[in-house]
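Reviewing the structure listed below.
Both backbone and side-chain heavy atoms feed into the values below; hydrogens, waters and symmetry mates do not.
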Amino acid sequence: MKLVINGEEQEVPEAIHVAGLLDFLGVPRERVAVEVNLAVVKRADHDKHLLAPGDQVEVVAFVGGG
């Protein structure tokens, strides 16, 4: 199915949850915030939040430093 991820349309596997999407993208789960259709998905819900075709997903990675 197609999702819009950080502004770009991408093909991802069907019936995928946020956690699975992060794995698919190779993004470590520990240091990211995820927003789906302008709503933040809590980390505790990443395994439960099923994505739908056309969802707009923003993945923001936190970077340490000063």
Side-chain angles (χ1 to χ4, degrees):
M1 79 177 157
K2 291 183 180 179
L3 301 175
V4 178
I5 303 171
N6 292 351
E8 294 186 21
E9 190 172 274
Q10 291 190 34
E11 188 75 27
V12 302
E14 297 288 333
I16 192 166
H17 293 83
V18 169
L21 177 65
L22 293 174
D23 292 344
F24 177 78
L25 296 173
V27 176
R29 298 182 192 186
E30 300 81 26
R31 296 184 178 202
V32 297
V34 179
E35 188 179 88
V36 177
N37 300 328
L38 303 177
V40 174
V41 178
K42 295 179 183 175
R43 187 177 314 230
D45 294 333
H46 284 186
D47 287 327
K48 303 172 195 163
H49 190 103
L50 186 61
L51 296 165
D55 276 350
Q56 299 205 14
V57 181
E58 294 291 326
V59 178
V60 179
F62 298 109
V63 178

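- Partners of N6 by side-chain hydrogen bond (donor to acceptor under 3.5 Å, both in side chains), not counting sequence neighbours: none found.
- E11 CD: more than 12 foreign heavy atoms inside a 6.0 Å radius.
- For residues 26-42, every residue pair satisfying the salt bridge (Lys or Arg N to Asp or Glu O under 4.0 Å) rule, not counting sequence neighbours, is listed here: D23-R29, R29-D47.
- Through side-chain heavy atoms spaced under 4.5 Å, either directly or across other Ile, Leu, Val, Met, Phe, Trp or Tyr residues, V4 is tied to no other residue.
- For residues 49-64, every residue pair satisfying the side chain to side chain donor-acceptor pair (under 3.5 Å) rule, not counting sequence neighbours, is listed here: N37-D55.
- Under the rule for a salt bridge (charged side-chain N to carboxylate O under 4.0 Å, His left out), the partners of E9 that lie at least two apart in sequence or sit in another chain are K2.
- Contacts of D45 classified as side-chain hydrogen bond (donor to acceptor under 3.5 Å, both in side chains), with partners at least two apart in sequence or in another chain: none.
- When hydrophobic side chains of Ile, Leu, Val, Met, Phe, Trp and Tyr are connected at separations under 4.5 Å, V32 ends up clustered with M1, L3, I5, V12, I16, V18, L21, L22, F24, L25, V27, V34, V36, V41, L51, V57, V59.
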